[in-house]
Asker: 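What follows is a single structure, and I will ask about it in a moment.
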Amino acid sequence: AVPLSVTTLAAMKTRGERIVCLTCYDASFAHLLDAAGVDVLLVGDSLGMVLQGHRTTIPVTIEHMVYHTACVNRGRSQALVIADLPFLACATPERAVDNAARLMQEGGAQVVKLEGGAALLDTVRRLTEQGVPVCAHLGLQPQSVHRLGGYRFQGRDHAAAETIRHDALAMQDAGASMLVLECVPAALATEISLTLSIPVIGIGAGAGCDGQVLVLHDLLGLNAGRPPSFSRDFLRGHDSIAAAIAAYVAAVREGSFPAANETPY
Ligand code: KIV
Ligand code: NA
């Protein structure tokens, strides 16, 4: 069968089929997730936290991202591979183009994801013009944790919601092929999903998005501290990792994940 692309994901949105995404950092999990029918493998810079043991994603370098993207790419056959541009990799449009080239040429990514709003519109245009599919990322942007003062829900007051709504449309207009919304109120995420023509993937953003993403380790109940309020331990009640992944895929497809008690705002 033909591997998935941003075009197939857009067609899924049109048909009302929910898109299943998970983070993935190595070839063994890429093989397992791909076989379980996960549509998108996101090589997230969350690897800085769940693999490297850092408290933030800030220490992650483009070298780390290229390495893990290449590992994931070797393990998949059908799934779309999205790779994160790490901290300051988009400080200028030129740097973003160079770093996207590395993720695609050395890593084998099909899409690159970048965190940020209005300031990145030129970069998104540049990448798109050069044939690089872009996934935007709004709401909670973990690379900005030191500016934000912590990992907090975003877009909870009128002005902040308005900025996210506006940036989402601007990202689509600039050429973004997808959008991740992290930790925003469900009503806002649902409204943006209905407004945009590109697929909107939520995490901590309620069940009204076009698809869902979780950090693989959260799904498997592997968190050192307490799990995020919006995640679910899918290994509970299942006797293998494969069964847990299958349960996640089914729950996203049917819209039963996230449930109301996994939707904080
Ligand atoms: O790095 C990551 O895992 C992410 C997702 C949580 C969207 O960016
Ligand atoms: Na990320």
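Ligands are counted one by one from 1 in listed order, and the atoms in each one are counted from 1 as well.
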Asker: Distance to 0.1 Å, residue and atom name: give those for the protein heavy atom nearest to atom 3 (O) of ligand 1.
Answerer: Ser46 OG, 2.6 Å
Asker: Is Glu115 close enough to touch ligand 1? Criterion: a residue heavy atom under 4.0 Å from a ligand atom.
Answerer: no
Asker: Can you list the atoms of ligand 1 that are under 4.0 Å from a heavy atom of His137?
Answerer: 8 (O)
Asker: Regarding His64 and Thr61, do their side chains bring together a donor and an acceptor under 3.5 Å, going by distance alone?
Answerer: yes
Asker: Any idea which N/O/S atom from Asp45 gets closest to the Na ion (ligand 2)?
Answerer: OD1
Asker: Please check whether Thr23 reaches ligand 1 - meaning an N/O of the residue sits under 3.5 Å from an N/O of the ligand, judged on distance alone.
Answerer: no
Asker: What is the closest protein heavy atom to atom 6 (C) of ligand 1, and at what distance does it sit?
Answerer: Ile203 CD1, 3.7 Å
Asker: Between Glu254 and Arg18, does at least one N-O distance fall below 4.0 Å, as a salt bridge requires?
Answerer: no
Asker: Just checking: Glu115, one of its N/O/S atoms, less than 3.0 Å away from the Na ion (ligand 2), yes or no?
Answerer: no
Asker: Between Asp45 and ligand 1, does any nitrogen or oxygen pair lie at a separation below 3.5 Å?
Answerer: yes
Asker: Any idea which part of Leu42 is under 4.0 Å from ligand 1, heavy-atom wise: side chain, backbone, both or neither?
Answerer: side chain
Asker: Of all the N, O or S atoms in Asp84, which has the shortest distance to the Na ion (ligand 2)?
Answerer: OD2
Asker: Atom 8 (O) of ligand 1: which protein heavy atom is closest, and how many Å away?
Answerer: Lys113 NZ, 2.8 Å
Asker: Flag Glu182 as yes when one of its N or O atoms lies below 3.5 Å from any N or O atom of ligand 1, and as no otherwise.
Answerer: no
